[in-house]
Amino acid sequence: QVQLVESGGGLVQAGASLRLSCTASGRTFSSYAMGWYRQAPGKEREFVAVTDWSGGSAYYADSVKGRFTISRPYGKDAVYLEMNSLKPEDTAVYYCAADSSITEFRTDYRYLEVWGQGTLVTVSS
C-alpha cells in the first residue's frame, strides 16, 4: 500500500520554479519528520531537505540552500518543497520520506521508514 504520494514534478527550463507536494494516505505521520531526497540517473540518492513534525526546524543540502524551501503545516500529514532558480543539475526523481527521527535524514537514507514512489523533475538548459 502506498503511504506517501508525491506530485508536482515536470519539465521546465533553467531558472524556473516548481512546487512539489507530498501527502500521506492511509495513516498519519503527524509526529514524524518528513523530507525530500532526490536521485539523478546513474547517481546515488542524496538528501535534499527535511523538517520536523512541527515544521519549526529545517535542514537543507548545501547544493539547494537558498534556492529550495521546505514547508509543513503544523502536525499535518503533508510536506512541500518550493524549488526556485532550478538548474539542469537539479534533474532527478524526487522522493518524499517520513521517519520518527529527524536525524535519520542526515545519516543514511537506507534507515528511513517510509517512502513515496517519486516524482520526476527535469530541468533543461
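For reference, positions follow the sequence shown, starting with 1.
- Judged by distance alone, the side chain of T51 and the main-chain N or O of A58 form no donor-acceptor pair under 3.5 Å.
- Checking side-chain atoms of Y94 against main-chain N and O of V48 turns up no donor-acceptor pair under 3.5 Å.
- Inter-residue side-chain proximity for E82 and N84 is flagged as met; some heavy-atom pair is nearer than 4.5 Å.
- Using modelled atom types, no side-chain atom of T23 and backbone atom of A78 make a donor-acceptor pair closer than 3.5 Å.
- If you take OG1 on T122 and CG on L18, they are separated by 9.5 Å, rounding to the nearest 0.5 Å.
- For D90, the salt bridge (charged side-chain N to carboxylate O under 4.0 Å, His left out) partners at least two apart in sequence or on another chain are R38, R67.
- W53 has its side chain out of reach of M34: every pair of non-hydrogen atoms, C-beta onward, lies at least 4.5 Å apart.
- Within the 3.5 Å criterion, the main-chain N or O of S30 finds a donor-acceptor partner in the side chain of D77.
- Y80 does not carry R72 over the face of its six-membered ring by the limits of under 6.0 Å from the centre and within 45° of the normal.
- Side-chain atoms of E6 never come within 3.5 Å of backbone atoms of Y95 as a donor-acceptor pair (strictly under, hydrogens ignored).
- The shortest side-chain heavy-atom distance between L4 and S25 does not fall under the 4.5 Å cut-off.
- Screening V93, V50, L112 for a side-chain contact (heavy atoms from CB on, under 4.5 Å) with Y37, the sole residue that qualifies is L112.
- Across all their heavy atoms, L81 and A49 have their closest contact at CD1-CB, 4.3 Å.
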task: Would you sort out whether K76 and F29 count as a side-chain contact (heavy atoms from CB on, under 4.5 Å), showing the intermediate values?
output: CA-CA 7 Å; K76 299 297 183 180; F29 293 96; over 6 Å; no
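- Of all heavy-atom pairs between A14 and P88, the closest is CB-CD, 4.2 Å.
- In terms of heavy-atom proximity, S100 sits nearest to Y32 at N-CD2, 3.3 Å.
- With values rounded to the nearest 0.5 angstrom, D108 atom CG is found 11.5 Å from T103 atom OG1.
- For the pair Q3 and V114, the tightest heavy-atom approach, listed with the atom from each and the gap, is OE1-CG1, 3.7 Å.
- Note that the OG atom of S63 and the CD atom of E46 stand 5.0 Å from one another [nearest 0.5 Å].
- Checking side-chain atoms of D99 against main-chain N and O of E104 turns up no donor-acceptor pair under 3.5 Å.
- In terms of heavy atoms, L20 sits closest to W36 at CB-CH2, 3.7 Å.
- Separating the OG1 atom in T91 from the CG atom in L120 is a distance of 8.0 Å, to the nearest 0.5 Å.
- For the pair K65 and Y59, the minimum side-chain heavy-atom distance is 4.5 Å or more.
- The distance from the CD atom of E113 to the OG atom of S101 is 8.5 Å, given to the nearest 0.5 Å.
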query: E44 and Y109: side-chain hydrogen bond (donor to acceptor under 3.5 Å, both in side chains), yes or no, with the steps?
result: CA-CA 10 Å; E44 190 69 46; Y109 71 86; 2.4 Å; yes
